[in-house]
Amino acid sequence: MNLELSNDYWLKVAKNRVANGITIPAIGKGKKVVVEYSSPNTNKPLHLGHIRNNVLGFSYCEILAANGYDVVKNNLVNDRGIHICKSMIAWQKWGNGETPESSGLKGDHLVGKYYVEFEKKFQLEYADWLQTSQGLAQLEIFKTSNEAKKYIQEGTEIGKAFKSEYKNNYFNNHSAIGAEVKTTLQKWEDGDEAVIALWKKMNGWVYNGFDATYKRLGVSFDKIYYESDTYLLGKTMVQEGLASGAFFTKDDGSVWIDLTDDGLDKKIVQRADGTSVYITQDIGTADLKYSDFKMDKFIYVVGNEQDYHFKVLQLILKKLNKPYADGLYHLSYGMVDLPEGKMKSREGTVVDADELMDEVVITARKQTEELGKTEGMSTQELTDLYETLGMGALKYYLLKVDAKKRMMYDPKESIDFQGNTAPFIQYTYTRINSILRAAKETGKDITYVTPMTLAAEEKDLIVLMNSYPIAVNAAANNYNPSEIANAVYELAKAFNKFYHEHVILGVEDEDVRGFRLALSQAVGDTIKHGFSLLGIGVPQRM
RNA sequence: GGUUCCAUAGCUCAACCGGAUAGAGCAACGGUUUUCUAAACCGUAGGUUCCAGGUUCGAGUCCUGGUGGGAUCACCA
């Protein structure tokens, strides 16, 4: 089959498109979806990896909504646990009462500073201990273990191997500040007033900081769960599982599920002391979500290092015969690497979210000033423009790549506004906008007229716009905003070619002019629509 | 080591779930502005789609094996 569609056909398509606007087939009509994304820890500020998560999660929610789904944007804040207690202890010991106000530091950064401080002090304490007779004795014991033999075979230096291998053990059994942290966590769980007050104060600082970052990223949530409220959930479901035989009890009283028939392992769901583990909370929270929303699907936007975890979670829910188990989907995205390699907090190569946003916006300002096309714009308009361009560049850079894939963040490339970038597409939009503005000012008609002929560049625009709604459907079905980024980019590129080859506003023939103006307007609408699904704005001028 | 994901131009990524001559951007080189914004447009160069087999009329795409890399394999979250 090899048929070429006639110009008449495409002109009909164009006419419908102009008359009806953008119509996305509502493939999600009547279906409710809860999308969990962001899910930060409150002990550290956000970094580049979190930006990918947030931008991806928000964009995907917009895409679902555009497809007719009823969407609940959901954040689960990890606000309790051992890591927050570390920040608290460090702040108490070495903080001298420092606050965001007194230091001028953004709250999340201030708390992060003390988390780092704790780790530093802990490392020192640990290094000292390793030299004590006790530490050396443990090293000797380690040397005879099977673990150690593996390291020796690999050629890893045995002292080093021991240091990383024994770290948790040291923290739990020997460390002085480790003990303080654990005591603090215990007190928190017992509801100790002083500890709770400090926890609330420091989390409050973090939330203020996160709010600012979220606002700048343009993301938002309909429902926020806090782990401090949900961490005890799941215990009743452990009982359910025991009753139904899905779970079993070991001699020490701990509760497990055997997933070996499904190619996985045995997994603990409750400790011998009756406390729950991470996955237990997730089981409980899934159930809470279902009772809150009765959703058809629930999606977790979480990095691919948790692939195994979500496989286990879904399987457990199935074994518990939960009706919603099949609706679970892990939107597993790849890590963001830097040109120097992986981001590692220990080596200080983590790209801070706030700093990064500042940088790209500053770059947008510099570029814009260099080009000098913004005469007559107010200070406020300029500030908004730089923000739209810089944040657009950053978000687009992260969204144009297939969500599933690991990607490379090259700072140099991300602030280069040529080619396949948001500013390129935004520029295309402003070109269209300025033509339409001029048309209005000179009283030229923008109404669609079917022309006698159709140029190749015009047809390309129609073809691309015609496939846009399909791309929006595909982005939802494939959990992949990049399909929209690509569609919009292709369209912008085609428009620039059209713009270069054909005069639009200056055409004598009123019909041709009307057609081209209407076509241009439709392209502009499509760009704007697509970008809004990516959470990116478009400027009027640039 | 077990499980799992990945490998496409010098670099970063596409390729509409198996279709025709594998496409963009960046980087390199050359060109385009008295005409609606040159953050643009056009051209040149750049490929044994990691390797070896297999399935198929047809494979970057599916299967097997290998090589290289990531993730994971906690009574952490």
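We use all heavy atoms of the structure for the numbers below, so side chains are in, but hydrogens, waters and symmetry mates are not. Proteins come first, then strands; the chains are lettered A, B, ... in the order of their sequence lines, and each starts at number 1.
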Can you classify the ring geometry of A/F495 versus A/Y499 as parallel (below 30°), tilted (30 to 60°) or perpendicular (above 60°)? tilted
Name the orientation class of the two ring planes belonging to A/H47 and A/H50 (parallel below 30°, tilted from 30 to 60°, perpendicular beyond 60°). tilted
Let me know the distance between [atom1] of [X] and [atom2] of [N], rounded to the nearest Å.
X      : N     : atom1 : atom2 : value
A/I504 : B/C36 : CD1   : P     : 11 Å
A/D262 : B/U4  : CG    : P     : 13 Å
A/Y489 : B/A14 : OH    : P     : 13 Å
A/Y499 : B/U32 : OH    : C1'   : 15 Å
A/Y409 : B/G25 : OH    : P     : 21 Å
A/E375 : B/U37 : CD    : P     : 14 Å
A/R541 : B/C36 : CZ    : C1'   : 15 Å
A/H309 : B/A77 : NE2   : C1'   : 9 Å

For the [atom1] atoms, the ones on [N] and on [M], what distance do you get once it is rounded to whole angstrom?
N     : M     : atom1 : answer
B/U64 : B/U4  : P     : 10 Å
B/G43 : B/C6  : C1'   : 35 Å
B/G60 : B/A7  : P     : 14 Å
B/A14 : B/G25 : C1'   : 10 Å
B/G18 : B/C36 : C1'   : 45 Å
B/G1  : B/C16 : P     : 34 Å
B/U48 : B/G30 : P     : 26 Å
B/C5  : B/C41 : P     : 39 Å

Taking the six-membered ring for Trp and the full ring for Phe, Tyr or His, determine whether the centres of [X] and [Y] are under 6.0 Å apart.
X      : Y      : answer
A/F298 : A/Y329 : no
A/Y489 : A/Y396 : no
A/Y231 : A/W188 : yes
A/F142 : A/Y166 : no

Let me know, please, whether A/N168 or A/Y278 comes out on the 5' side of the other along RNA chain B by nearest nucleotide. A/N168
Return the 5'-most residue of the pair A/G263, A/Q270 with respect to RNA chain B, ranking by each residue's nearest nucleotide. A/G263
How would you label the contact of [X] with the nucleic acid (heavy atoms, under 4.0 Å): base, sugar-phosphate, or nothing?
X      : result
A/D337 : nothing
A/K405 : sugar-phosphate
A/T430 : base
A/T421 : nothing
A/D307 : nothing
A/M335 : nothing
A/D416 : sugar-phosphate
A/V401 : sugar-phosphate
A/L264 : nothing

Counting side-chain heavy atoms from C-beta on, which of [options] comes nearest to [X]?
X      : options             : result
A/L505 : B/A38, B/C13, B/C36 : B/C36
A/Y308 : B/A14, B/U72, B/C75 : B/U72
A/M408 : B/C36, B/A77, B/U12 : B/U12
A/H500 : B/A40, B/C41, B/A14 : B/C41
A/N478 : B/C17, B/U72, B/A38 : B/C17
A/E227 : B/A77, B/C41, B/C75 : B/A77
A/S434 : B/C41, B/U37, B/A14 : B/U37
A/H83  : B/A77, B/A14, B/C41 : B/A77
A/K493 : B/C26, B/A24, B/C75 : B/A24
A/Y427 : B/U12, B/U37, B/C41 : B/U37

Please list every donor-acceptor pair under 3.5 Å in which a side-chain atom of residues 412-419 of chain A meets a protein atom from a residue at least two apart or in another chain.
from, atom 1, to, atom 2, distance (Å)
A/S414, OG, A/Y409, OH, 2.8
A/S414, OG, A/P411, O, 2.9
A/D416, OD1, A/Q418, N, 3.4

Does the pair A/D410 and A/Y397 meet the rule for a side chain to side chain donor-acceptor pair (under 3.5 Å), with working shown? CA-CA 10 Å; A/D410 186 342; A/Y397 189 91; 5.6 Å; no
Would you please confirm or rule out a distance under 4.0 Å between OP1 or OP2 of B/C42 and any side-chain N or O of A/K497? yes
Reckon A/R431 has a side-chain N or O less than 4.0 Å from the OP1 or OP2 of B/A38? yes
Could you tell me whether B/C62 is syn or anti, where syn means a glycosidic angle within 90 degrees of zero? anti
Whether A/R541 and A/E381 form a salt bridge (side-chain N of Lys/Arg under 4.0 Å from carboxylate O of Asp/Glu) is what I want to check. no
When you measure from the centre of the six-membered ring of A/F171, is the NZ or CZ of A/K86 under 6.0 Å away and within 45° of the axis? yes
Considering only heavy atoms and no angle criterion, is a donor-acceptor pair shorter than 3.5 Å present between the side chain of A/N420 and the base of B/A14? no
Within the distance-only criterion (no hydrogens, no angle test), does the side chain of A/N53 pair as donor or acceptor with the backbone N or O of A/S38 below 3.5 angstrom? yes
Identified stems (criterion: three or more consecutive Watson-Crick or G-U pairs, under 3.5 Å), RNA chain B: B:1-7 with B:67-73, B:10-13 with B:23-26, B:28-32 with B:40-44, B:50-54 with B:62-66
